[in-house]
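Please read the structure below before turning to the comments.
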Amino acid sequence: MTDWSRLHHAYGTAEDIPRLLDGASADPLGPDWDELWSRLCHQGTVYSASYAALPVLTRMARQWPTPDRQAPLYLAGSIMASSDRPYDGRDPRVIYASEISELIRLTEEALQDPTLADAPGTYIDLLATLLSLQGVEVWGEELDGVHHGEYEVPCPACASENFIVLGEDGFFSTMDSMYTEQSAARKVPLQPRSPEALGGLARTLHSRALADGHPGIAHKLTYVFGNAQCAECDVVFSVEEAITTRWD
């Protein structure tokens, strides 16, 4: 049995965590999930109680139907993605290896839910969760820009902030945060990488999105792993490298 009184979260001892876990429902917007996120993954910081919650989150995800398990998967993924964590010499990926392995399997199952065909945002969130559980740095936390249609990155040459836009307004870089179709701001077309030229993680994500029935996401990924031209100084740079640099 876990002695929660010996563990800590963002606001002190973790004695209240069992009550919140017991009260959490399948609704990811439920009040108990807000409380759990605030305590166990506060602005990306995790605590001793965060890892201790992994077995419970795993059990919840296992017991709930595929469409209903998103909340525990999201929280578990964010806990494992955090680089701001307590250091006690123990590796949580070793201590909770069996839970992480099962969470990966449960996330893979959730990604095959046919209802995701009309929910690209949920698909992206689950795919990001999978990457976090697998230990993939950066993209477990940064993949959501594909759905939101925007990344803000510094130009590696002049350090100007560029908005990398992927969406209804087009695919371009701009200095104007208020970009719209009617905006007079300079918009420089992005330079996508051909699917055949993608390698490593980019190829894996692109191929998976196509296989899972999300061609729109696959198309956006060719721009995320392509090049942009700075709207200020015209230097061409790798969007992927700019995102990674900002994350670091």
Side-chain angles (χ1 to χ4, degrees), residues 24-34 36-38 40-41 43-44 57 60-61 64-82 103-134 136-153 163-172 177-181 190 192 195 198 201-202 204-226 239-240 243-244 246-247:
S25 69
D27 179 7
L29 300 180
D32 287 320
W33 286 113
D34 285 341
L36 286 167
W37 276 91
S38 180
L40 299 180
C41 196
Q43 298 180 348
L57 294 172
M60 293 164 73
W64 291 354
T66 303
D68 298 332
R69 67 175 60 150
Q70 294 162 14
L73 292 177
Y74 290 162
L75 180 53
S78 291
I79 289 171
M80 293 311 304
S82 176
L103 286 165
I104 288 173
R105 179 184 65 79
L106 293 168
T107 305
E108 288 277 12
E109 286 183 1
L111 280 164
Q112 301 307 311
D113 182 355
T115 64
L116 296 184
D118 298 319
T122 302
Y123 176 81
I124 286 289
D125 289 341
L126 284 169
L127 189 57
T129 294
L130 179 65
L131 295 177
S132 295
L133 293 170
Q134 291 174 333
V136 177
E137 293 186 344
V138 180
W139 295 104
E141 297 184 79
E142 296 293 338
L143 199 64
D144 61 347
V146 175
H147 173 60
H148 296 304
E150 178 187 290
Y151 287 97
E152 184 179 358
V153 298
F163 292 91
I164 306 300
V165 180
L166 321 155
E168 295 179 358
D169 295 305
F171 295 82
F172 55 86
S177 63
M178 300 300 292
Y179 56 83
T180 63
E181 190 173 330
L190 300 178
L198 294 174
L201 178 65
T204 298
L205 292 175
H206 182 270
S207 299
R208 168 143 204 171
L210 286 178
D212 289 345
H214 293 276
I217 292 173
H219 181 61
K220 287 185 178 182
L221 288 169
T222 64
Y223 289 91
V224 173
F225 291 97
V239 175
E240 175 190 9
I243 293 171
T244 302
R246 167 57 57 86
W247 187 85

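Each residue takes its place number in the sequence, starting with 1.
- Between the OH atom in Y223 and the CG atom in L166 there is a gap of 9.0 Å [rounded to 0.5 Å].
- Taking CD of Q70 as the reference point, atom CG of D113 lies at 7.5 Å (rounded to 0.5 Å).
- To the nearest 0.5 Å, atoms CE (M60) and CG (D68) are separated by 11.0 Å.
- Residues L57 and I79 have side chains in contact (heavy-atom distance under 4.5 Å, counting atoms from C-beta outward).
- What you find for R246 and E152 is that their closest heavy atoms are NH1-O, 3.2 Å.
- The CG atom of L133 sits 5.5 Å away from atom CD1 of I104, with the distance rounded to the nearest 0.5 Å.
- The side-chain heavy atoms of L131 and L201, taken from C-beta on, include a pair separated by under 4.5 Å.
- Although no hydrogens or angles enter the test, the distance criterion places no donor-acceptor pair under 3.5 Å between the side chain of S38 and the main chain of D34.
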Side chains of residues 136-150: which donor-acceptor partners sit under 3.5 Å, not counting sequence neighbours?
| residue | atom | partner | partner atom | Å |
| --- | --- | --- | --- | --- |
| E141 | OE2 | W247 | NE1 | 3.3 |
| E150 | OE1 | Y179 | OH | 2.5 |

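- Of all heavy-atom pairs spanning A24 and D32, the tightest one is N-OD2, 3.7 Å.
- The nearest pair of heavy atoms linking P28 to W33 is O-CB, 3.8 Å.
- Side-chain contact between L111 and R208: present, with at least one pair of heavy atoms (C-beta onward) separated by less than 4.5 Å.
- Within the structure, side chain to side chain donor-acceptor pair (under 3.5 Å) contacts touching residues 123-132 (residues at least two apart or in different chains) are Y123-D212.
- When atom types are taken as modelled, the side chain of T222 and the backbone of H219 share a donor-acceptor pair closer than 3.5 angstrom.
- Between L210 and P215, the shortest heavy-atom contact is CD2-CA, 4.0 Å.
- One finds the CG atom of L198 at 9.5 Å from the CG atom of L205 (value rounded to the nearest 0.5 Å).
- Within a 6.0 Å radius of CD in Q112, more than 12 heavy atoms belonging to other residues, nucleotides or ligands are found.
- With rounding to the nearest 0.5 Å, the separation of CG in L106 from CG in L126 is 11.5 Å.
- Under 3.5 Å, the side chains of S25 and D27 contain no donor-acceptor pair of N or O atoms.
- Looking at I124 and K220, their side chains never come closer than 4.5 Å, going by heavy atoms from C-beta outward.
- Side-chain N or O atoms of S82 include one that pairs as donor or acceptor with a backbone N or O of G44 at under 3.5 Å.
- Nearest heavy-atom pair, W64 versus A26, reported as atom, atom and distance to 0.1 Å: CZ3-CA, 3.6 Å.
- Proximity of F171 to I164: side-chain heavy atoms (C-beta onward) are nowhere separated by under 4.5 Å.
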